[in-house]
Amino acid sequence: MLKLFNTLTGRQEVFEPIEPNKVGMYVCGVTVYDYCHIGHARSALVFDVFRRYLESCGYAVTFVKNFTDVDDKIIKRAQEQGVSCDAVTTKYIRAYHEDMGKLGIRVATEEPKATEHIADIIQLTERLVAKGLAYVVDGDVYFEVAKYPEYGRLSKRRLEDLQAGARVDVDERKRHPMDFALWKSSKPGEPAWQSPWGPGRPGWHIECSAMSIRHLGETFDIHGGGMDLIFPHHENEIAQSCGSTGKDFARYWVHNGFVQVNQEKMSKSLGNFFTIREIFEKSEWSEEVTGEILRYFLLSTHYHGPLDFSDQALKEAKNALNGFYDLFGRLAEPSGETESDQILSQAIDRCRVTFKAALDDDLNTPVAIAALQGLRSDVNKLTEKGLSSEGRKKVRQEFHVLGNVLGLFQSDKWQFGGPFVAPIGQARETDVALSVGVKQSGLSDSEIEDLLRERNEARGKKHFKRADEIRHSLAAHGIIIEDKPDGTSRWKR
RNA sequence: GGCGCCGUACCCAAGUGGUAAGGGAGCAGUCUGCAAAACUGCGAUGCAGCGGUUCGAACCCGCUCGGCGCCUCCA
């Protein structure tokens, strides 16, 4: 039974979908005027895991994530670069998919764009004007917050408090400083659509109301996004949507915490952000490995709390992951021993139970990961005592299935650290795996394997001095050799 | 000024009334030609500090100190 922390009520609540076995979930995506940073990645990843977990619980999930593709910042960026807004948004939508794809974040069921929903936006705005909740001034349309008594419910703010703190220039034409634009008349050269109030473009908040209602209906289950969207964005969405439809809007509001750097929020204005592609470019690990490191790192803290980004944190994630992949490597090796086979399923069951309980508890991914660590520890002991090939395969499959919810352990090419080296003279069966887990620079795989062959020949002749020379020279390149009892070796970086 | 969050071992991080999960790093040992991996053992009598409530508190209440977020575009 899944429990969620609902920002609307400030409490953890049992999740009950409107329709049994179905979930409609809307998450605010990004404004596409620049590359995404690791904070965007966290938000995207958290809701990707929400979606995966709901699916693994048997729900049919309709997951909608929008792109804001009309906005002041986009217009500004297009003017700076002397290109069309369309060129800007196309470029960064593609970049979004590239970056998030590297993190294993799945494409949503629907990924609507604001510009594809202008008719819906106009219709929604018209209804608000007709109901007297919005007013028109010189081609602009504003939502009148004073007409909506529930305003402030989500963010737990009162209009009076907001007024006291407001330090923005107040548009004299607005009836209340907190009134916000549903529709903006356009200046020459800006993107514009025809509307009952003249040519213009949508305000920021209305698009999400329009798109969520269009794709999920007037009332739906879950609405998510970063904590910084609670006010004013989500507050305004609620006001517009409920004001217009007279019905409840989203029932559960879920917000993820920030990625920080040195205890401070990562943000563009502070200049302390790292883009996703920058991290991949700087990584000494392959793309696949880097993606999994980031995923592990981002899920190692509960989604609601802050998360401090640092090189050390990534290094720790890599080390933790090494433990799993070292085990997977051993699980791929054949074994005729069966001592532990009978108690294997107990260990697996134990892990399943704690894993599910953790995610049921408001998607507690750190505890879920701890459950997987527990299984790793158990299986290490079992393999030591003797686990058959079948048992090894079974438990690797279990890691695959459970890991899938978090997007971890999905590579069938198990060599996270490096490829397995076949005994001398035997065919190299593992060539398919060579691209995995390899640092982006350094010795090539064939160079390493040649040296390893030479070393194993030396070892066979008890020429340990030469063998150690090779070990040390490979170590200088960051290559670690593991000798197995049968005289063969494997290596990793 | 208003609203809210956080402070748990060297680092990361769960736990929100019943006596401190898990990971990383470190140290010692077993194994190993060496090494790595794995295994075994060690590590907070205490959860920012001080009071209070309770049979019992990291968890509840109050105060203090320190850090942060939102109120303005922001994942």
Side-chain angles (χ1 to χ4, degrees), chain A residues 7 10 12 27-31 33 36-47 68 71-73 76 152 155-158 160-169 178 204 224-233 235 255-260 262-270 273 296-297 300-302 304-308 310 312-313 315-324 326-327 329-330 354 358 361 364-374 376-377 379-381 383-385 417 459 462-465 467-468 471-472 475 480-485 489-492:
Chain A
T7 307
Q12 216 180 70
V27 172
C28 291
V30 294
T31 301
Y33 73 104
C36 288
H37 58 60
I38 193 74
H40 300 114
R42 184 183 192 192
S43 185
L45 177 58
V46 161
F47 291 104
T68 297
D71 168 90
D72 290 346
K73 290 192 288 291
K76 185 166 170 244
S155 56
K156 318 272 187 284
R157 287 158 215 256
R158 298 178 305 163
E160 309 87 81
D161 297 339
L162 291 171
Q163 236 175 321
R167 49 188 149 95
V168 211
D169 295 339
M178 282 298 129
W204 174 36
M227 283 195 169
D228 42 5
L229 298 181
I230 294 172
F231 191 90
H233 184 55
E235 194 70 69
H255 294 97
N256 66 276
F258 301 125
V259 174
Q260 307 184 148
N262 296 326
Q263 316 296 322
E264 282 185 322
K265 179 183 174 185
M266 182 183 284
S267 70
K268 299 248 164 162
S269 48
L270 284 169
F273 61 93
Y296 190 98
F297 160 69
S300 64
T301 300
H302 184 82
H304 207 261
L307 172 59
D308 222 65
S310 67
Q312 194 203 333
K315 181 67 185 160
E316 287 186 6
K318 170 69 167 70
N319 286 344
L321 238 18
N322 278 347
F324 284 102
D326 281 340
L327 172 62
R330 266 172 283 122
T354 51
D361 183 19
N364 196 329
T365 51
V367 173
I369 287 174
L372 295 168
Q373 292 282 8
R376 175 177 79 96
S377 171
V379 173
N380 269 329
K381 288 168 200 160
T383 50
E384 226 167 62
K385 282 168 65 186
R459 289 174 70 218
K462 307 263 187 214
H463 293 163
F464 294 124
K465 188 158 179 275
D468 286 349
R471 176 189 287 290
H472 292 139
I480 295 163
I481 300 166
E482 293 183 19
D483 295 331
K484 301 199 298 165
S489 309
R490 58 178 165 234
W491 62 272
K492 63 182 180 183

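Each chain gets a letter, A, B and so on, in the order its sequence line appears, and its residues count up from 1.
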Can you find an N or O donor on one side and an acceptor on the other, under 3.5 Å apart, linking the side chain of [X] with the base of [N]?
X: A:Asp483; N: B:C34; value: yes
X: A:Arg471; N: B:C34; value: yes
X: A:Glu316; N: B:G23; value: yes
X: A:Asp468; N: B:G33; value: yes
X: A:Arg42; N: B:A75; value: no

Inset, instruction - Using a strict cut-off of less than 4.0 Å between a Lys/Arg side-chain nitrogen and an Asp/Glu carboxylate oxygen, indicate whether A:Arg376 and A:Asp326 qualify as a salt bridge. - result: no

Legend entry - Greater than 12 external heavy atoms within 6.0 Å of A:Lys268's NZ: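 Buried by this count: over 12 neighbours within 6.0 Å.
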
Inset, instruction - Measure from the side-chain heavy atoms of A:His40 and tell me the nearest of B:G22, B:G33, B:A75. - result: B:A75

What does [X] touch in the nucleic acid at a heavy-atom separation under 4.0 angstrom: a base, only the sugar-phosphate, or nothing?
X: A:Val259; value: base
X: A:Gly257; value: base
X: A:Ile481; value: base
X: A:Gly39; value: base
X: A:Phe258; value: base
X: A:Ala313; value: nothing

Legend entry - Atom P, compared across B:C10 and B:A57: separation rounded to whole Å: 24 Å

Legend entry - Nucleotide-level pairing of RNA chain B, given in dot-bracket where Watson-Crick and G-U pairs need both distances under 3.5 Å and | marks other strands: ((((((((.[[[..)..(...]]].(((((.......))))).....[[[[[..)....]]]]])))))))....

Legend entry - Nucleotide-resolved protein contact map, nucleotides 4-10 of chain B, B/S/- at heavy-atom distance under 4.0 Å: -------

Legend entry - Short side-chain to backbone donor-acceptor contact, A:Lys265 and A:Pro306, under 3.5 Å: no

Inset, instruction - Would you confirm whether A:Glu235, through its side chain, and A:Gly152, through its main-chain N or O, come within 3.5 Å as a donor-acceptor pair? - result: yes

Legend entry - Between B:C31 (P) and A:Asn380 (CG): distance, integer Å: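 Whole-Å distance recorded here is 19 Å.
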
